[in-house]
Amino acid sequence: MTENKRQFRAIKGTRDILPPDSALWNWFEQTARNTFESYNFREIRLPIFEETELFARSVGADTDIVSKEMFTFNIGHDAESKEEPSQTYSLRPEATASVVRSYIEHRMQTFPGNLKLYYVGPMFRRERPQKGRYRQFYQIGAEVLGQSDAAAIDAEVIEMLMTFFKRADLTRTTLYINSIGDKNCRPQYVEKLREELRKVADRIGPDSQRRIETNPLRVLDSKLPEEQAIIGKLPRISDHLCDECREHFAKLKEELRLRGIAYEENWRLVRGLDYYTRTTFEVIAEGLGSQNAVCGGGRYDGLVELLGGPPTKGIGFAIGTDRAILSLQESGKLPSLPALAVFVAWMGQAAYLTAVNIAQKLREAGLAVELPPEEMKFKRSLALADKLGARYALIIGEDEVNSGTFTLKRLADSDQKKLSKFDLLEYLESERRDTRA
RNA sequence: GUGAGCGUAGCUCAGCUGGUAGAGCAUCGGUCUGUGGCACCGAGGGUCGCGGGUUCAAACCCCGUCGCUCACCCCA
């Protein structure tokens, strides 16, 4: 094998986010941060790997995510690392488990009020990649943990989410909500659903048949056209919620209405993670493939206890950044992001010193400046400025050096003027303020 | 894990019934020693994903393999 010629490439399901896309990503994530902080959420930064057991316990050992989609590795098995005990770790497939682990570890129940946290970062699932699905993908998520399970919390979380989408100009989305009951009423419903499904088992596909025993709720989620009529006649959880859950769901809808949040009830909306209770919600967007959910979330009142913490209520969501960005790009409604402001077109060694100095000044003033490291032919210099998308070319040659001025040329319309150093700084700074606002 | 489609230059693609590769764009340079976008000229860049088979001859046909894409499952 001649390994020296081998081309390395990003491994399956991972990808590079290159400029100018990276600017769009930063803007999107920054918009989320700004929105969330206006709701008094604060950022938590978490490890990207944890003990495998944490995910098994929280997400659910029988879920696809844990049973076959985690990147898991062992350390401490070889002699060299004998200081550390043998451990099995996994790259996080989602972040709620880590937030809850951190909540318990740092006794955050002693923090004042409801704890409102958000996170931004990569997640890892070993699935077959397709449109809008990657093995390393990115999520922006938020969680509220505390003693209260008031429907107003659910509503505020959803309002915040939809407000963010609006600010990011990710419109043409649909919010679906549902309640899947709690540990009192859901098991009864699931049993009833199972009974009904057994009666029609011969008329549904093998996947759905299998789920009758493993996870009857998932049958409701089936997309097979031939199963739709049958599914439509199955008992609905909304008719089988206990009084508390029914009231909570009614309250949520009332809260959403008074906040002006448009939603659609979707009795077939079930979520794949074991820890959800009561409120579940999902946002789908246009311009995506079959993976069209850009956000999923719900309430998880038993999770903190399940992981060994005090009785605590919780709710949260996770936005799929890759998909949201994809939808944004498909919509064509992209924001105009800061580009190169000034290209310094200098000629001759006499101008070089001036060029270096003014570049420093302009950068200090917050402008993006490109200073060619080597002398270029003037014509090529302007051509390059154009190709780099600069708004201005700052021309410094013999004339300018002799007269102590600068020639500023606006590339868009070729408008050109001679300015003193003071006027130049003044002019560009005010121009920057105007375009930023 | 399952299925389908596709792999020719950095990108988008052409290449007829098999005769050992081309265009546009992009990049770099020239026409053009202080004025970009245009035009013209030129250059670099490809073991046609890889391996095997059939054939006098394979980018093209056959088999295998790898990769990518989309879909299923499931999920953001």
N/O donor-acceptor pair, side chain A/R133 with base B/C74, under 3.5 angstrom: yes
Rounded distance in Å - CG (A/L18) to P (B/G10): 16 Å
Polar contact flag, side-chain donor to acceptor under 3.5 angstrom, A/N74-A/T88: yes
Touch class at under 4.0 angstrom, heavy-atom based, for A/G132 against every strand present: base
Proximal nucleotide (of B/A76, B/C68, B/U27) relative to the A/A293 side chain: B/A76
Within 45° cone of A/F164 ring axis and under 6.0 Å: A/K166 NZ or CZ: no
Under the 3.5 Å Watson-Crick or G-U criterion, the dot-bracket string of RNA chain B, with | for inter-strand pairs: (((((((..((((.....[..)))).(((((.......))))).....(((((..]....))))))))))))....
Partner set under side-chain hydrogen bond (donor to acceptor under 3.5 Å, both in side chains) for A/E43, not counting sequence neighbours: A/R33
Sugar-phosphate only, base, or nothing, as touched by A/K12 at under 4.0 Å among non-hydrogen atoms: sugar-phosphate
5' precedence on RNA chain B between A/V294 and A/F378 (nearest-nucleotide basis): A/F378
Euclidean distance for C1', B/G37 against B/A26 (whole angstrom): 16 Å
A/Y138 and A/W25 aromatic ring geometry - parallel, tilted or perpendicular at 30°/60° bounds: perpendicular
Span that lies between the C1' atom of B/U54 and that of B/A58, in whole angstrom: 10 Å
Sugar-phosphate only, base, or nothing, as touched by A/G289 at under 4.0 Å among non-hydrogen atoms: sugar-phosphate
Any N/O donor-acceptor pair, A/R323 side-chain to B/C75 base, under 3.5 Å: yes
P spacing across the pair B/A9 / B/G5, given as an integer number of angstrom: 23 Å
Whole-Å C1' distance, B/C13 and B/A59: 14 Å
Distance in Å, A/L252 CG paired with A/F281 CZ, rounded so as to fall on 0.5 Å steps: 9.0 Å
Nearest listed nucleotide, side chain of A/E127, among B/G34, B/A76, B/C70: B/A76
Per A/R125 side chain, nearest of listed nucleotides B/G1, B/C75, B/U35: B/C75
Between B/C66 (P) and A/R9 (CZ): distance, integer Å: 14 Å
Distance below 4.0 Å between A/S290 side-chain N/O and B/C72 OP1 or OP2: yes
Inter-nucleotide C1' distance (B/G64, B/G44), Å rounded: 36 Å
Nucleotide nearest A/I65 when distance is taken to its side chain, options B/C75, B/C28, B/A71: B/C75
Donor-acceptor pair between A/K421 and A/T405 side chains, under 3.5 angstrom: no
Interatomic distance where CG belongs to A/D415 and C1' belongs to B/U35 [whole Å]: 13 Å
Nucleotide of B/C74, B/G29, B/C28 approaching A/R380 most closely (side-chain heavy atoms): B/G29
Sugar-phosphate only, base, or nothing, as touched by A/E282 at under 4.0 Å among non-hydrogen atoms: nothing
Sugar-phosphate only, base, or nothing, as touched by A/Y392 at under 4.0 Å among non-hydrogen atoms: nothing
Touch class at under 4.0 angstrom, heavy-atom based, for A/Q291 against every strand present: base
Sugar-phosphate, base or nothing in reach of A/R211, heavy atoms under 4.0 Å: sugar-phosphate
Heavy-atom donor-acceptor pair, A/K409 side-chain to B/U35 base, under 3.5 Å: yes
Given B/A76, B/G1, B/G34, the nucleotide with the shortest approach to the side chain of A/F137: B/A76
Interatomic distance at P, B/U33 relative to B/A23, whole Å: 29 Å
Nearest-angstrom distance from the residue atom CD of A/Q130 to P of B/A4: 16 Å
Nearest-angstrom distance, C1' atom, B/G15 to B/G7: 16 Å
Which nucleotide in B/U31, B/G1, B/U35 has an atom nearest any side-chain atom of A/K377: B/U31
A/F36 and A/F317 aromatic ring geometry - parallel, tilted or perpendicular at 30°/60° bounds: perpendicular
Of the listed nucleotides B/C72, B/G34, B/U33, the one nearest the side chain of A/D399: B/G34
Sugar-phosphate, base or nothing in reach of A/A385, heavy atoms under 4.0 Å: nothing
Ring-ring centroid check A/F73 A/F49, cutoff 6.0 Å: yes
Nearest to side-chain heavy atoms of A/I395, which nucleotide of B/C75, B/C72, B/U35: B/U35
Phosphate OP1/OP2 of B/A76: any A/Q139 side-chain N/O under 4.0 Å: no
Interatomic distance, A/M376 CE vs B/U35 C1' [rounded to whole Å]: 13 Å
Between B/U35 (C1') and A/Q416 (CD): distance, integer Å: 7 Å
Rounded distance in Å - OH (A/Y119) to C1' (B/A76): 9 Å
Side-chain donor/acceptor of A/E69 to base of B/G1, under 3.5 Å: no
Gap between atoms NZ and P, on A/K418 and B/U35 respectively (whole Å): 13 Å
Ring-face cation contact, A/Y119 with A/R45, 6.0 Å cut, 45° max: no
Heavy-atom closest contact (A/S98 atom, A/E50 atom, distance): OG-OE2, 2.8 Å
Along RNA chain B (nearest heavy atom to each residue), the more 5'-positioned of A/L411 and A/K387: A/K387
Sugar-phosphate only, base, or nothing, as touched by A/E400 at under 4.0 Å among non-hydrogen atoms: base
Pairwise C1' distance, B/G67 and B/G51 [rounded to whole Å]: 14 Å
Check against side-chain hydrogen bond (donor to acceptor under 3.5 Å, both in side chains), A/E143 and A/T96: CA-CA 8 Å; A/E143 318 281 351; A/T96 300; 2.8 Å; yes
